[in-house]
Amino acid sequence: MTIELTMTLSLVLLSLSLLVQSFEMLSLCSKVITNSPWSWHHVRNDFIHWPPFLLFSFDHLYVNHFKLLILIQIALSFCLPLLPPMIIPFLIITYLLVALRFRGNFNGGSDAMTMVTLISLLLLFIFPSQKLTNAIGFYLLAFHCTLSYFISGVVKFKNSSWRSGVALEVFLTQSNYAVPASIQRLAQQKMFVTTGSWLIILFESCFPLVWVFPNLTGLYITAAFLFHIINYFCLGLNRFVFAWLVTYPALFFCTQRL
Amino acid sequence: MNFNLILFFAGILIFLTLIWVIRKLFNIIPHPSLKLLRILFPSWRFFEGLTPVPKIFYRFRQNGTHYSEWLPLLQTDREFIADIKSDFAVKFLSKVNDNSELEFSVETQPVTDSKLQTKPQRNFKKLFNNSEENLNLTYLGQIEQLINDISELEPSPEHSSEFSSELPSASHSLSIESLTSYKIVYAYIKEQILLRHSAHYFQFKIGALVFNPNSHHSEWSESLYSNDCELL
């Protein structure tokens with residue numbers, strides 16, 4: 001895979017991911033802006049120690065122009081593959097502003113991975129266009145992709161409730177996620193949750209192997225994508241599918257260069 | 001190969017340096033602000049282990065009438081109530097009876113297919129727009145945050161009419177009311193009750209299910225118990 005193709009794929013996928021997130025936010029605007037639990041007059045309490053000019057700007061932005069902010073983000077996301085060096089800095093700002101509106105993030109890890117992707121791709125453009133420095137952004141993105149699975153797997157492995165399958169069972173049957181009934185029924189079977197737990201632990205913990213055996217990268221990426229799709233069907237975490245999908249071209253590119 | 005490995009480790013070094021610089025910079029900013037910018041330094045510790053599962057119960061009444069039974073507020077809890085094991089239900093009622101005359105409406109029948117009513121729509125279209133469910137997840141996050149915030153609060157001698165004086169949480173009720181997470185969760189509870197009932201007053205309880213691996217059962221841990229709150 002060439003660096004140009006990796007760049008194009010990353011930008012197109014990032015654009016798609018941002019569009020999904022932005023259109024979701026647009027559809028929620030009317031439920032979020034006024035007379036809702038997420039009203040700004042509740043959230044602004046968090047910002048009272050911030051510099052007054054920032055608080056004043058946030059008051060103005062979040063009360064009167066939040067929808068405009070989302071529309072701008074949509075427009076920027078559409079144009080991202082065409083003029084990335086000019087657009088990425090603005091997208092970082094709009095994305096951070098939306099996250100601040102929801103006390104730091106709207107959708108947890110997917111927000112963090114999207115921000116990591118934006119910063120990584122920005123690195124590709126703020127350095128002179130030499131192949132050496134160009135790759136740093138991709139390596140950072142591939143590193144985060146690997147790290148996200150690895151850390152997640154190791155913390156599960158260290159937890160006895162995960163190793164015994166109890167954590168997965170409790171998570172699927174008692175948590176507040178709307179888990180489909182069919183999955184809840186399966187989660188009551190010991191064999192299913194124990195096997196499922198170990199598959200998740202092994203898959204996530206062994207993810208760094210793609211750096212040792214680059215031939216496995218395609219297989220791991222396919223498995224990772226399926227993993228996120230299953231997560232979506234079980235827990236409804238649709239944004240994670242797109243947020244991690246964006247990182248795969250960089251991961252493939254970097255491991256193939258080893 | 002060596003060259004690329006150097007590049008990879010250079011990326012790691014840059015990342016770690018950035019994290020270190022950011023953390024140093026944040027030392028001059030109050031702690032809550034650090035939380036607001038957590039999107040910039042991810043932890044990647046997803047679903048680490050068994051964490052307390054937050055739950056909300058409420059009851060409502062109109063002027064001059066008695067309160068309704070306690071009802072679960074969260075959609076998934078409607079199934080949970082029917083789903084809990086009888087041992088746990090006994091503990092649940094016992095806990096409530098220790099503190100007040102109130103009783104929860106709890107079914108203890110074994111789980112059947114008809115009790116598992118959660119049928120979320122998960123299709124190809126929803127993969128691209130699952131906004132309602134994602135919004136609900138933000139409220140769940142705020143309920144978890146509220147429980148954490150309450151546990152971190154230092155008790156104060158002040159009292160408020162919003163909370164029962166019989167529970168420990170009442171002693172620092174004024175501090176609780178000033179929490180952003182409380183304001184959001186309170187508004188969420190109010191919104192949900194208004195959507196479902198025609199009432200003038202309501203009460204609510206917030207707590208969490210904590211799974212005990214030894215007994216293989218969840219135990220109820222209450223964080224907040226309100227007095228009468230006006231709906232309109």
Side-chain angles (χ1 to χ4, degrees), chain A residues 20 23-24 27-28 31 36-39 42-43 45-46 49-50 96 99-100 102-107 109 111-113 115-116 135-136 139-140 143 147-148 151-152 155-156 159-162 166-167 170-171 173-181 184-185 232-233 236 238-239 241 254 257-258, chain B residues 1 4-5 7-8 10-12 14-15 30 32-33 35-40 42-50 53-54 74-76 80 83 111 113 116-120 122 126-131 133-135 137-141 178 180 183-185 187-188 191 209 211 213 216 218:
Chain A
V20 167
F23 275 111
E24 276 193 346
S27 68
L28 292 173
K31 294 184 178 178
S36 92
W38 274 116
S39 292
H42 294 148
V43 180
N45 189 44
D46 286 341
H49 298 300
W50 284 46
L96 190 60
L100 286 174
F102 291 91
R103 309 193 71 200
N105 65 50
F106 180 78
N107 199 232
D111 289 357
M113 184 51 98
M115 184 54 89
V116 163
I136 285 178
Y139 276 93
L140 183 62
F143 165 69
L147 201 65
S148 64
I151 291 179
S152 193
V155 295
K156 288 185 181 78
N159 195 308
S160 61
S161 60
W162 263 99
V166 171
V170 171
F171 191 73
T173 57
Q174 289 190 18
S175 75
N176 287 321
Y177 288 93
V179 181
Q184 288 191 45
R185 274 193 295 273
Y232 161 66
F233 277 102
N238 65 320
R239 289 180 173 213
V241 176
C254 293
R257 290 182 88 191
L258 293 176
Chain B
M1 177 176 173
N4 288 308
L5 271 177
L7 267 183
F8 176 65
I12 294 174
I14 289 171
F15 168 71
S33 300
K35 284 184 181 172
L36 291 172
L37 295 167
R38 61 185 177 276
I39 191 176
L40 296 172
S43 72
W44 307 134
R45 300 167 79 94
F46 298 120
F47 307 124
E48 189 172 351
L50 291 169
V53 182
L74 305 175
Q75 182 61 41
T76 46
F80 155 75
D83 197 11
V111 180
D113 282 0
L116 294 169
Q117 295 166 359
T118 309
K119 288 177 183 171
R122 302 274 161 71
K126 284 267 180 181
L127 180 63
F128 292 89
N129 190 345
N130 201 22
S131 54
E133 201 167 346
N134 284 328
L135 183 63
L137 290 179
T138 66
Y139 292 127
L140 293 175
S178 66
T180 306
K183 290 176 180 174
I184 293 170
V185 170
Y188 175 64
E191 180 191 75
L209 278 182
F211 189 80
H216 209 78
S218 295

Requested in this report: Name the option with the most non-hydrogen atom pairs under 4.5 Å to chain A; the candidates are Thr180(B), Ile184(B), Val53(B).
Outcome: Thr180(B)
Requested in this report: Please work out whether the ring planes of Tyr177(A) and Phe47(B) are parallel, tilted or perpendicular, with thresholds of 30° and 60°.
Outcome: perpendicular
Query raised in the report: Quick one: what part of Phe211(B) sits under 4.5 Å from any heavy atom of chain A, side chain, backbone, both or neither?
Result: side chain
Query - Trp38(A), part contacting chain B, at a heavy-atom distance under 4.5 Å - result: both
Requested in this report: State the CZ-CG distance between Phe102(A) and Asp46(A), to the nearest 0.5 angstrom.
Outcome: 13.0 Å
Query raised in the report: Top residue by heavy-atom pair count (under 4.5 Å) with chain B, among Phe233(A), Trp162(A), Tyr232(A)?
Result: Tyr232(A)
Report task. Side chain from CB out, backbone as N, CA, C, O: work out which of these in Asn105(A) comes under 4.5 Å of a heavy atom of chain B, or both, or neither. Result -> both
Query raised in the report: Can you say whether Ala99(A) sits under 4.5 Å from chain B via the side chain, the backbone, both, or neither, judging by heavy atoms?
Result: side chain
Query raised in the report: Which residues satisfy the salt bridge (Lys or Arg N to Asp or Glu O under 4.0 Å) test with Arg45(B), sequence neighbours excluded?
Result: Glu48(B)
Report task. Can you tell which part of Asn45(A) gets under 4.5 Å to a heavy atom of chain B, answering side chain, backbone, both or neither? Result -> both
Query raised in the report: Relative to chain B, which segment of Ser148(A) carries a heavy atom at a distance below 4.5 Å: side chain, backbone, both, or neither?
Result: both
**Report entry** Pairs of heavy atoms under 4.5 Å with chain B: top-ranked of Arg103(A), Met115(A), His42(A)
**Finding:** Arg103(A)
Query - Residues that Phe23(A) engages under side-chain contact (heavy atoms from CB on, under 4.5 Å), provided they are two or more places apart - result: Leu19(A), Leu26(A), Ile74(A), Phe78(A)
**Report entry** Atom pair CG (Asp111(A)) and CZ (Arg38(B)), whose distance is rounded to the nearest 0.5 Å
**Finding:** 9.5 Å
Query raised in the report: Which atoms of Leu135(B) come close to chain A, meaning under 4.5 Å heavy atom to heavy atom: side chain ones, backbone ones, both, or neither?
Result: both
Report task. Verify side-chain hydrogen bond (donor to acceptor under 3.5 Å, both in side chains) between Asn238(A) and Glu24(A), making sure each step is shown before the conclusion. Result -> CA-CA 11 Å; Asn238(A) 65 320; Glu24(A) 276 193 346; 2.8 Å; yes
Query raised in the report: How long is the gap from CG on Leu28(A) to CG on Asn129(B), to the nearest 0.5 Å?
Result: 8.0 Å
Query raised in the report: What distance separates Leu100(A) CG from Trp50(A) CH2, expressed to the nearest 0.5 Å?
Result: 5.0 Å
Report task. With a 4.5 angstrom heavy-atom cut-off, could you sort out which part of Val20(A) is near chain B: side chain, backbone, both or neither? Result -> both
